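To start, the structure under review is shown below, and the notes come after it.
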Amino acid sequence: MQRLGNFINNRFEESAAHFDDIDPATEEVIARVPDGDADDIDRAAKAACDAFPEWSRTPGAERSRFLLAIADGIERHFDEFAELESRDNGKPIALASRLDIPRAIANFRFFATAILHQSSEAHVTDGKALNYTLRQPLGVAGLISPWNLPLYLLSWKIAPAIAAGNTCVAKPSELTPLSANRLAESIIEAGLPKGVVNIVHGYGPKAGAALAAHPNVPLISFTGGTATGAKIAAAAAPMFKKLSLELGGKNPNVIFGDADLDAAIPTSIQSSFANQGEICLCGSRIFVERSIYDEFVERFVAAARKLRIGDPLDPATEVGALISEGHMRKVLGYVDLAQQEGGTVVLGGKRVDRRGFFVEPAVITGLGCECRTLQEEIFGPVVTITPFEGEEEAIALANSTRYGLSASVWTRDLQRAHRVAAAIESGTVWINCWLLRDLRVPFGGMKESGVGREGGLDSLRFFTEAKNVCVKL
Ligand code: NAD
């Protein structure tokens, strides 16, 4: 059995205490994970601090080459990474191969080249002074990531952090440590100087909290649940750390009567059930204009019924296992709650009769927006479908939660598409599509879905400090 080590100063350290990493599809232990603590975080932060002066002075073109080499290393071992991600998370290997691993490679390549095109501003003050802006790395970045898209989100943080000249300490999710551990091998292969990237495994309240509160880690980029984000913000605030919080969602998927259902239905199946509904951007609240409600429900349920649930390592599988037994119980609990609240489960919602944490995709109707089922993030293969009348009601329903991460709108009416996009309170609105991502665009949430923006220039701005230099003319 593989015993992972914390990765500090380009070495895998032996750890005194470990816990089990469980394959959610088989319930078997597949690795032993270091139970990282404050001492491990402290050693990693020291390694990162020591590496910072030289790394921050390394020319951009050289930093870029290291990032490209890491991307090439992941690509050379593509199948191995995809399999690790699938086994660790329970996601279909087809999805890991189509989404997670290509995106991890793209993240390193994107920021490797973005850094070469960075420019900064100058402001001339009435012929009296010249101001120019220096964008400087801050030091050690603390990077905390969740289990649903493990390498995709970890690389989304590591790549811009080190491209901009910071060093980092990353704390991957305790539930999915394998791809981060394999990434550390690619980092060694790429020849990245020691201490630039350090990875400490362990539980959130122990290793994660120690990282968020570490005095020598001046910026924290966190992706995870809203409640955890609040704890991190509370720990970071007295030290005035720079913070980026990418949090939970309860995203609306609004289908108007004139939508092209031949496109809206298959994409809505994806936005509902891809990765077992465990993507922060999944559209878990579907709102359908009453004129097409019956047709939509019938066609959507028929398509959802056809999804192939099974062994995540089988290339034909479309729905794999949920991440853990605890999470599966939470999801099943919401299906029960939906019925107590008066909803009808028109499809699925039961545990699959086999080993592993499999839940049948569930479709629930008959509930209003005030119900907990439509207010709380379930983060599983469970969607509600609710009818609406007209644009005003659609917008009100879409905005009726404390979250504001993303939304999809389906209509052929161009003016309405723009009006509704402007009125929906969320960081991203997709019109007639879902999860179409361009790495240059700002990404983040409104309301309780997050603070700050990452992506493209926004990431490079987050991972640098702007300094104005004023020269008298
Ligand atoms: P989580 O908040 O439980 O954990 C996320 C990370 O934070 C893990 O590494 C965990 O160990 C760590 N952590 C937990 N408690 C901590 C603490 N007190 N201090 C410091 N670190 C701590 O989230 P999760 O269950 O891993 O992920 C699912 C959540 O992530 C969902 O709410 C989902 O919507 C959200 N998410 C958001 C985005 C986005 O871009 N907005 C993307 C993916 C997932």
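The model shown is predicted, which means the values in this text are computed figures rather than measured ones. Atom set for the values below is all heavy atoms of this structure, side chains included, hydrogens, waters and symmetry mates excluded.
Panel note: side chain Lys241, backbone Val217; a donor-acceptor pair is recorded below 3.5 Å. Between the Asn148 side chain and the Glu278 main chain, a donor and an acceptor come within less than 3.5 Å of each other. Looking only at distances, no side-chain donor or acceptor of Arg351 sits under 3.5 Å from a matching main-chain atom of Arg329. Proximity of a side-chain donor or acceptor of Lys157 to a complementary backbone N or O of Ala141 within less than 3.5 Å is not detected. Formation of a donor-acceptor pair under 3.5 Å by the Asp23 side chain with backbone atoms of Glu28 is not found in this model. When atom types are taken as modelled, the side chain of Asn6 and the backbone of Gly36 share no donor-acceptor pair closer than 3.5 angstrom. In this structure, the side chain of Asp100 does not engage the main chain of Leu149 through any donor-acceptor pair within 3.5 Å. Asn399 places no side-chain N or O within donor-acceptor distance of the main-chain N or O of Ala396, the cut-off being under 3.5 Å. Side chain of Gln276 to backbone of Pro381: no donor-acceptor contact under 3.5 angstrom is found. Side-chain atoms of Asp458 never come within 3.5 Å of backbone atoms of Arg453 as a donor-acceptor pair (strictly under, hydrogens ignored).
Residues Val169 and Val197 fail the side-chain proximity criterion, which asks for heavy atoms closer than 4.5 Å. In this structure, Phe300 and Leu347 have side chains that are not in contact, with every pair of non-hydrogen atoms separated by 4.5 Å or more. The shortest distance between side-chain heavy atoms of Thr167 and Ile162 does not fall below 4.5 Å. No side-chain heavy atom of Val383 sits less than 4.5 Å from a side-chain heavy atom of Arg285. Put simply, the side chain of Glu389 does not reach to within 4.5 Å of the side chain of Glu289, judged on heavy atoms. Within the 4.5 Å cutoff, the side chain of Glu391 has heavy atoms near those of the Val420 side chain. Side-chain contact between Thr386 and Ile286: absent, with no pair of heavy atoms (C-beta onward) separated by less than 4.5 Å.
Minimum heavy-atom separation, Leu460 to Ala114: CD1-CB, 4.1 Å. Among all heavy-atom pairs drawn from Pro24 and Arg87, the shortest one is CD-O, 3.4 Å. Scanning all heavy atoms of the two residues, the minimum distance from Val331 to Gly380 falls at CG2-CA, 4.1 Å. Annotation for Ile220 and Ala212: closest pair CD1-CA, 3.7 Å, computed over non-hydrogen atoms. For the residue pair Ser145 and Leu154, the shortest heavy atom distance occurs at OG-CD1, 3.4 Å. Here the shortest heavy-atom pairing between Lys447 and Thr401 reads NZ-O, 2.9 Å.
A donor atom on one side chain and an acceptor atom on the other are found under 3.5 Å apart for Ser244 and Glu454.
Note on ring orientation: taking the six-membered ring where Trp is involved, the planes of Phe256 and Phe388 are perpendicular (angle over 60°, cut-offs 30° and 60°). Using cut-offs of 30° and 60° for the angle between ring planes, the Trp434 and Trp430 rings count as perpendicular.
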- Message: If you apply the rule side-chain hydrogen bond (donor to acceptor under 3.5 Å, both in side chains), what do you find for Thr464 with Gln136, and how did you get there?
- Response: CA-CA 5 Å; Thr464 53; Gln136 297 174 311; over 6 Å; no
- Verdict with supporting geometry, Glu376 and Lys330, salt bridge (charged side-chain N to carboxylate O under 4.0 Å, His left out): CA-CA 12 Å; Glu376 298 174 15; Lys330 177 186 147 188; over 6 Å; no
- Derivation of the side-chain hydrogen bond (donor to acceptor under 3.5 Å, both in side chains) call for Asn253 and Ser268: CA-CA 8 Å; Asn253 180 11; Ser268 297; 3.0 Å; yes
- Query: Given the rule in the salt bridge (charged side-chain N to carboxylate O under 4.0 Å, His left out) test, do Arg355 and Asp311 qualify, once you have shown the distances and angles that lead to the verdict?
  - Reply: CA-CA 10 Å; Arg355 221 171 161 188; Asp311 178 2; over 6 Å; no
- Item | Full working for side-chain contact (heavy atoms from CB on, under 4.5 Å) between Thr176 and Ser173 | CA-CA 6 Å; Thr176 50; Ser173 169; 3.6 Å; yes
- Query: Do Ile41 and Asp37 pass the side-chain contact (heavy atoms from CB on, under 4.5 Å) test, and can you show the C-alpha distance, the side-chain angles, and the key distance before you say yes or no?
  - Reply: CA-CA 6 Å; Ile41 291 289; Asp37 60 15; over 6 Å; no
- Quick one: do Phe296 and Trp410 satisfy ring pair (Phe, Tyr, Trp, His ring centres under 6.0 Å)? Show the steps, please. CA-CA 12 Å; Phe296 181 89; Trp410 292 86; 9.5 Å; no
- Task: Test Leu457 against Arg440 for side-chain contact (heavy atoms from CB on, under 4.5 Å), laying out the working first.
- Result: CA-CA 7 Å; Leu457 201 53; Arg440 293 169 298 178; over 6 Å; no
- For side-chain contact (heavy atoms from CB on, under 4.5 Å), just list the numbers for Trp147 and Asn89, CA-CA rounded to whole Å, side-chain angles, deciding distance to a tenth of an Å, and then say yes or no. CA-CA 7 Å; Trp147 48 260; Asn89 171 276; 3.7 Å; yes
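Comment: Glu85 does not engage Lys91 in a salt bridge, judged by the lack of any side-chain N to carboxylate O separation of less than 4.0 angstrom. A salt bridge is defined here as a Lys NZ or Arg NE, NH1 or NH2 lying under 4.0 Å from an Asp or Glu carboxylate O, and Lys350 with Glu360 fails to meet this definition. In this structure, Lys250 does not pair ionically with Glu377, as no charged nitrogen and carboxylate oxygen lie closer than 4.0 Å. Ion pairing between a basic and an acidic side chain is recognised when a charged N comes within 4.0 Å of a carboxylate O; Glu465 and Arg135 show no such pairing. Remark: Asp314 does not engage Arg308 in a salt bridge, criterion side-chain N to carboxylate O under 4.0 Å.
The only option from Ser426, Cys280, Cys282 that meets the side-chain contact (heavy atoms from CB on, under 4.5 Å) definition with Leu405 turns out to be Cys280.
Annotation for Lys467: atom NZ does not count as buried by contact number, only 12 or fewer foreign heavy atoms lying within 6.0 Å. In this structure, Lys242 places its NZ atom where more than 12 heavy-atom neighbours from other residues, nucleotides or ligands lie under 6.0 Å away. Enclosure of atom CD in Glu298 is not indicated, since only 12 or fewer non-hydrogen atoms of other residues, nucleotides or ligands lie within 6.0 angstrom. Within 6.0 Å of atom CZ in Arg354, more than 12 heavy atoms from other residues, nucleotides or ligands are found, so the atom counts as buried in its surroundings. Under a cut-off of 6.0 angstrom, the local environment of CD in Glu392 is sparse, with at most 12 non-hydrogen atoms contributed by other residues, nucleotides or ligands.
Aromatic rings from Phe110 and Trp156 are positioned such that their centres are separated by 6.0 Å or more.
Between atom OG1 of residue Thr411 and atom CD1 of residue Ile431 there is a gap of 8.5 Å, rounded to the nearest 0.5 Å.
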